[in-house]
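Order of appearance sets the numbers: ligands from 1, and atoms from 1 within every ligand.
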Amino acid sequence: MPITINGQDVAVPTDPRTSLLDFLRDSLHLSGTKKGCNQGACGACTVLVEGERILSCLALAVQYDGRSITSVEGLAQSGELHPLQQAFIEHDGFQCGYCTPGQLCSAIGMANEAKRGLPSAVTADLTADTVSLTHDELRERMSGNLCRCGAHNGIIAAIAETCAADSAP
Ligand code: FES
Ligand code: FES
């Protein structure tokens, strides 16, 4: 079975050791997904698998045979930026931009997790059906995505504007 990447079916790589990150960047030339640490520590390589966020540097491409992946290149639809991309522009949510694709994909996956009631380390009510994305929840849930320059507060503001309203119970 092929992997679907941003709506296009592509054959899985012949070398089963190929990470999903290297497959996206080196084979498909989708260089939006960034390689920061290549060991699961920075979040720059985050992509979405059917709405769930994963670190593509820690994933083998062959694991996703038959699955549907969205990278940053697939977020805009019909020439329109995703609302979170627009909010990043409005809130100065990037400086160098290296972390931005991972931040965007991670935040979209994170909002889905909160909607499904998945708790974080700071969630008080572990039985809630959905979790409200308070300031503390947002910072905790996005703590796996590092911004090394100066955009952290703008990133959080953009995510809060776009995703927190969505997830309020
Ligand atoms: S490149 Fe994957 S977490 Fe840093
Ligand atoms: S915008 Fe430069 S690392 Fe985040």
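Atoms of ligand 1 lying under 4.0 Å from any heavy atom of C45, numbered from 1 in the order shown and given with element: 1 (S), 2 (Fe), 3 (S). Every atom of ligand 1 with a heavy atom of N38 under 4.0 Å away is listed here by number and element: 1 (S), 4 (Fe). Of all atoms in ligand 2, numbered sequentially from 1 with element shown, those under 4.0 Å from a heavy atom of G97 are 1 (S), 2 (Fe). Taking a cut-off of under 4.0 Å to the non-hydrogen atoms of Q95, the atoms of ligand 2 that pass are 1 (S). Set against the non-hydrogen atoms of G40, the atoms of ligand 1 under 4.0 Å away are 3 (S). Taking a cut-off of under 4.0 Å to the non-hydrogen atoms of A41, the atoms of ligand 1 that pass are 3 (S). Short contacts between ligand 2 and C96, defined as distances under 4.0 Å to a heavy atom of the residue, involve ligand atoms 1 (S), 2 (Fe), 3 (S). Atoms of ligand 2 lying under 4.0 Å from any heavy atom of C147, numbered from 1 in the order shown and given with element: 1 (S), 3 (S), 4 (Fe). Atom numbering of ligand 1 starts at 1 in the shown order; those under 4.0 Å from a heavy atom of G36 are 1 (S).
Remark: minimum distance from atom 3 (S) of ligand 2 to any protein heavy atom is reached at R148 N, 3.1 Å.
With hydrogens and angles disregarded, a donor-acceptor distance shorter than 3.5 Å links the side chain of S56 to the backbone of C45.
Not a single N/O/S atom of C57, whether from backbone or side chain, sits less than 2.8 Å from atom 4 (Fe) of ligand 1. Metal site remark for atom 2 (Fe) of ligand 1: C37 contributes no N, O or S atom at a distance under 2.8 Å. Residue C149 does not count as close to atom 4 (Fe) of ligand 2, with no N, O or S atom under 2.8 Å. Among the backbone and side-chain atoms of C42, an N, O or S atom lies under 2.8 Å from atom 4 (Fe) of ligand 1. At a threshold of 2.8 Å, atom 4 (Fe) of ligand 2 has no backbone or side-chain N, O or S atom of H152 nearer than that distance.
One side chain, S71 or N6, offers a donor N or O that lies under 3.5 Å from an acceptor on the other. Checking T123 against E137 by side-chain atom types alone, a donor-acceptor pair falls below 3.5 Å. Looking at D136 and T134, their side chains never bring a donor and an acceptor atom within 3.5 Å of each other. Residues R25 and H29 bring no donor and acceptor atom of their side chains to less than 3.5 Å of each other.
Linking ILVMFWY residues whenever their side-chain heavy atoms come closer than 4.5 Å, directly or via other members, leaves V122 and M142 in distinct clusters.
Just one residue in the list D9, V49, L48, T4 forms a side chain to side chain contact (heavy atoms under 4.5 Å, CB included) with S68, and that residue is T4.
Side-chain contact between I159 and M110 is present, with at least one heavy-atom pair separated by less than 4.5 Å. Using a 4.5 Å heavy-atom cutoff, the side chains of E90 and E161 are in contact. The side-chain heavy atoms of N153 and D92, taken from C-beta on, include no pair separated by under 4.5 Å.
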